[in-house]
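To start, the structure itself, in C-alpha cells.
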Amino acid sequence: MVRNIGMVHGDQAAIDNSWESVFKTEDAAIRRWINAQLTGRSCTIVLIGAETANSKWVQYEIERSLATGKGVLGIRIHKLLDQNQQESSAGPNPFEGLSMPDGSPVVDSIHTYDPPGETSKEVYAHISENIEDWIEVAISRR
C-alpha cells in the first residue's frame with residue numbers, strides 16, 4: 001500500500017526488488033545506492049512504521065538528506081494495512097536523537113504528520129490528499 005502512494009501523483013511506485021537486491025550487498029554499495037536515489041530530489045519523505053527508527057539505512061538517508069539541504073518530512077503510517085492486510089503498528093520517531101547540520105535537534109525542525117482516520121482507507125485518503133502540500137512545506141523549510 002505504501003509503495004503505491006507515489007502513484008497517486010503520477011510517480012512510479014517504489015520497486016521492492018531493487019531495494020532487496022541492494023540490501024544483500026555490502027554497506028558501501030547500499031550507501032551508493034541511497035545516494036543515487038537522493039540525487040536530483042528536493043525532498044525526502046520518511047514513512048514511519050513500526051521498524052523505521054531501527055533501520056540504520058533510514059538514519060543514513062535522513063542524515064544525507066539533511067546534509068545535502070533537502071526538505072525532509074515524516075508521515076506516520078501505522079494505521080495502513082501491511083502486506084498481510086493487517087493494520088500496521090506504530091513505531092518510535094526516527095528523528096529522535098538526530099541533529100541538524102547546525103547541531104540543533106532534528107525533531108525541532110522536521111514535521112512529522114500523523115494522519116487522522118480510523119481505517120486504513122481513511123488514513124490513505126488523507127495522505128493522498130495532503131502529501132503534495134506537506135512536501136512543499138518541507139521544501140520551503142529546508
Side-chain angles (χ1 to χ4, degrees), residues 1-101 104-142:
M1 182 173 239
V2 171
R3 288 186 191 103
N4 291 324
I5 287 175
M7 294 183 70
V8 172
H9 305 286
D11 295 333
Q12 181 181 4
I15 300 169
D16 188 38
N17 293 342
S18 176
W19 169 247
E20 290 301 321
S21 65
V22 171
F23 187 71
K24 294 175 184 176
T25 63
E26 62 186 41
D27 286 3
I30 296 170
R31 280 191 289 277
R32 283 191 304 273
W33 183 83
I34 290 171
N35 293 342
Q37 295 300 307
L38 292 174
T39 300
R41 309 284 186 213
S42 55
C43 186
T44 298
I45 302 168
V46 180
L47 300 171
I48 305 169
E51 298 298 322
T52 306
N54 299 327
S55 169
K56 75 177 184 179
W57 298 117
V58 170
Q59 299 297 316
Y60 176 79
E61 186 171 1
I62 293 167
E63 291 166 358
R64 289 295 306 149
S65 295
L66 294 171
T68 57
K70 297 184 185 338
V72 179
L73 68 106
I75 302 174
R76 293 199 169 273
I77 58 167
H78 58 274
K79 294 179 185 173
L80 294 179
L81 298 181
D82 65 16
Q83 68 272 17
N84 298 317
Q85 299 301 304
Q86 300 297 312
E87 188 176 288
S88 52
S89 56
N93 188 333
F95 303 121
E96 290 287 336
L98 296 179
S99 297
M100 297 291 287
S104 64
V106 169
V107 293
D108 294 346
S109 301
I110 305 300
H111 191 78
T112 299
Y113 297 90
D114 192 354
E118 296 301 317
T119 67
S120 179
K121 187 175 181 177
E122 292 170 346
V123 171
Y124 185 86
H126 187 81
I127 293 170
S128 296
E129 291 166 10
N130 293 284
I131 195 166
E132 289 181 28
D133 292 336
W134 297 342
I135 291 168
E136 292 305 317
V137 169
I139 291 170
S140 71
R141 297 175 81 188
R142 60 184 172 168

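Computed from a prediction, not measured in an experiment: that's the story for all the values here. For this chain, numbers begin at 1 and follow the sequence in order. Note that these values count all heavy atoms, side chains included, but never hydrogens, waters or copies made by symmetry.
For the side chain to side chain contact (heavy atoms under 4.5 Å, CB included) test, residues two or more places apart in sequence or in another chain that qualify with Ala29 are Thr25, Glu26, Arg32. By the side chain to side chain contact (heavy atoms under 4.5 Å, CB included) test, Pro92 pairs with Ala53, sequence neighbours left out. Qualifying side chain to side chain donor-acceptor pair (under 3.5 Å) partners for Asp114, counting only residues two or more places apart in sequence or in other chains: none. Remark: Thr39 engages no residue in a side chain to side chain contact (heavy atoms under 4.5 Å, CB included) (not counting sequence neighbours). Residues forming a side chain to side chain contact (heavy atoms under 4.5 Å, CB included) with Glu63 (at least two apart in sequence, or on another chain): Leu98. Listed by chain and residue number, Lys56 satisfy the side chain to side chain donor-acceptor pair (under 3.5 Å) test with Asp27 (two or more places apart in sequence, or in another chain).
With Glu129 contributing its side chain and His126 its backbone, the two residues share no donor-acceptor pair below 3.5 Å.
Residues Leu38 and Trp33 have side chains not in contact (no heavy-atom distance under 4.5 Å, counting atoms from C-beta outward). In this structure, the side chains of Ser99 and Pro105 stay at 4.5 Å or more apart for every pair of heavy atoms.
Rounding to the nearest 0.5 angstrom, the gap separating the CE atom in Met100 from the CZ atom in Phe95 is 10.0 Å. Atom CD1 of Ile30 and atom CH2 of Trp57 lie 4.5 Å apart (nearest 0.5 Å). The CG atom of Asn84 lies 6.5 Å from the CD atom of Gln86; values are rounded to the nearest 0.5 Å. Distance CD/Glu61 to NZ/Lys70: 10.0 Å, rounded to 0.5 Å. Thr112 OG1 to Leu73 CG: the interatomic distance, rounded to the nearest 0.5 Å, is 8.0 Å. The structure places CD1 of Ile110 at 8.5 Å from CD1 of Ile62, a figure rounded to the nearest 0.5 Å.
Ring centroids of His111 and Tyr113 are separated by less than 6.0 Å, placing the two rings close together.
Closest of all the heavy-atom pairs between Pro115 and Ile127 is CG-CG1, 3.5 Å.
Applying the salt bridge (charged side-chain N to carboxylate O under 4.0 Å, His left out) test to residues at least two apart or on different chains, none of the pairs has a partner in residues 73-100. Pairs of residues two or more places apart, or lying in two chains, never qualify as side-chain hydrogen bond (donor to acceptor under 3.5 Å, both in side chains) while including a residue from residues 133-142.
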Without placing hydrogens or testing angles, list every side-chain donor-acceptor pair under 3.5 Å for residues 41-51, not counting sequence neighbours.
from, atom 1, to, atom 2, distance (Å)
Arg41, NE, Gln37, O, 3.2
Thr44, OG1, Ser65, OG, 2.6
Glu51, OE1, Asn54, ND2, 3.0

